[in-house]
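Heavy atoms only: backbone and side chains are in, while hydrogens, waters and symmetry mates are out. As the structure is a computational prediction, the values presented were derived from the model and not from experiment. Order of the sequence lines sets the chain letters (A, B, ...), proteins ahead of strands, with each chain counted from 1.
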Amino acid sequence: MRRPYNLENPILIVPLLLFVLSLAGLYMYTRRQQALNTLGTASFIISLIGLILAITHVFLGEYWPWWFGGWWYGGYGGLFERYMPSPGLLWVLWYGSFGPGFVVLALGLVLFGLSIRKTKVMLSWPVLALIMASIATGLMGLGIKIFVVSETDMTELINKSRPYLAILALFGVAWISLGLTLCRSANKLITIAEIGKGAPPKPVPEGR
Amino acid sequence: MTPQIVAKASWVVRYSPTLVRLGGLASIFGGVLWVALLLFVQLQMLRILHFYDILEPLAAT
């Protein structure tokens with residue numbers, strides 16, 4: 001039986017799925033404000049892939065390393081072993097970041113931040129907080145993996161490590177902050193009169 | 001008539017603030033749930049909550 005207080009508990013899938021919805025809302029808002037460019041779209045796709053990877057990591061749990069394969073997990077199985085017989089340190093680091101999802105998510109969010117840099121979109125602070133929290137989560141995971149060899153020790157250490165838990169909590173708080181900003185911004189977007197005109201609505205001033 | 005309805009529906013899907021608001025609400029609930037789960041983990045580790053201690057004997061039987 002898997003311990004219910006393990007951080008890799010399948011229940012974590014629920015908030016992660018809600019974060020996918022949130023990302024969709026952020027995408028809609030950015031597009032509505034005409035602040036979406038090619039880099040923005042690409043960054044959303046990368047962020048979405050990151051979240052899906054994180055969900056897969058939580059869902060597959062202990063079976064996830066098998067899919068990656070490689071010598072650090074008994075040296076058998078996995079997709080990478082087939083195409084990459086000696087994966088090396090990079091893939092160890094890749095797996096070690098609490099699942100690769102957070103690293104990819106952080107990368108996507110950084111690109112998103114760059115894409116809206118020159119626009120007047122209000123979401124700068126919540127998105128910045130989310131970027132910082134994602135990077136910190138990924139880096140802390142990498143750090144723990146570098147200094148801790150076994151997977152069991154790693155899970156135990158993550159569960160007992162207060163700084164890491166604090167950063168994970170900040171990750172949640174950053175999403176709450178983003179959600180509050182999205183809801184507040186959505187209230188300003190009510191432009192019923194524009195429905196049916198066919199043309200995209202004009203961006204609403206942020207008024208911050 | 002139908003193309004107009006399709007056009008309106010398309011416009012709503014693309015630009016309606018409802019989806020933005022839905023995303024915002026999902027973000028808030030997700031964040032709260034995330035933090036609550038972390039708190040739950042910590043309370044279990046500190047043995048303030050005993051959920052696992054109750055479940056393990058049940059699962060063993």
Side-chain angles (χ1 to χ4, degrees), chain A residues 1 3-7 9 11-12 14-32 126 130 158-160 162 165-166 168-192 194-201 204, chain B:
Chain A
M1 179 185 159
R3 295 185 172 192
Y5 56 70
N6 194 320
L7 264 187
N9 194 294
I11 301 172
L12 277 180
V14 179
L16 286 172
L17 283 174
L18 288 171
F19 294 158
V20 172
L21 275 181
S22 171
L23 212 57
L26 185 62
Y27 177 82
M28 293 295 295
Y29 179 75
T30 318
R31 190 169 68 175
R32 169 67 177 73
L130 197 56
I158 287 173
N159 282 337
K160 289 176 181 169
R162 298 286 157 74
L165 279 170
L168 283 177
L170 278 180
F171 183 70
V173 172
W175 280 103
I176 295 173
S177 152
L178 176 67
L180 288 171
T181 313
L182 273 180
C183 283
R184 202 169 50 222
S185 306
N187 290 334
K188 296 177 184 172
L189 295 181
I190 300 170
T191 48
I192 302 295
E194 288 181 302
I195 295 179
K197 285 186 179 174
V204 175
Chain B
M1 190 63 188
T2 311
Q4 284 182 355
I5 293 171
V6 171
K8 279 190 179 184
S10 166
W11 194 98
V12 167
V13 168
R14 292 186 70 178
Y15 303 114
S16 166
T18 310
L19 294 174
V20 177
R21 193 177 293 118
L22 192 69
L25 287 175
S27 191
I28 293 169
F29 284 126
V32 169
L33 190 59
W34 180 271
V35 175
L37 280 171
L38 290 179
L39 196 63
F40 177 74
V41 167
Q42 271 303 291
L43 293 178
Q44 286 283 345
M45 294 301 293
L46 296 172
R47 288 286 185 267
I48 295 171
L49 282 179
H50 299 278
F51 188 64
Y52 173 58
D53 297 336
I54 296 168
L55 272 189
E56 193 175 38
L58 287 177
T61 54

> Taking all non-hydrogen atoms of both residues, which atom of B:Gly23 and which atom of A:Leu182 are closest, and how far apart?
Replying inline: C-CD1, 4.1 Å
>> Between A:Trp175 and B:Val32, is the side-chain contact (heavy atoms from CB on, under 4.5 Å) condition met? List the steps.
In response: CA-CA 9 Å; A:Trp175 280 103; B:Val32 169; over 6 Å; no
> Residues two or more places apart in sequence or in another chain: which of them pass ring pair (Phe, Tyr, Trp, His ring centres under 6.0 Å) with B:Phe29?
Replying inline: none
> At a heavy-atom separation under 4.5 Å, does A:Ala169 approach chain B through its side chain, its backbone, both, or neither?
Replying inline: both
>> Which residues pass the side-chain contact (heavy atoms from CB on, under 4.5 Å) test with B:Val35, not counting sequence neighbours?
In response: A:Val173
> Looking only at heavy atoms, which two atoms of B:Val20 and A:Ala186 are closest? And how far apart?
Replying inline: CG1-CB, 3.9 Å
> Which distance, rounded to the nearest 0.5 Å, do you find between the CG of A:Leu18 and the CD1 of B:Ile28?
Replying inline: 11.0 Å
> Most heavy-atom pairs under 4.5 angstrom with chain B, which of A:Pro15, A:Ala24, A:Gly25, A:Cys183?
Replying inline: A:Pro15
> Got a second to check how far A:Leu26's CG is from B:Leu19's CG, nearest 0.5 Å?
Replying inline: 13.0 Å
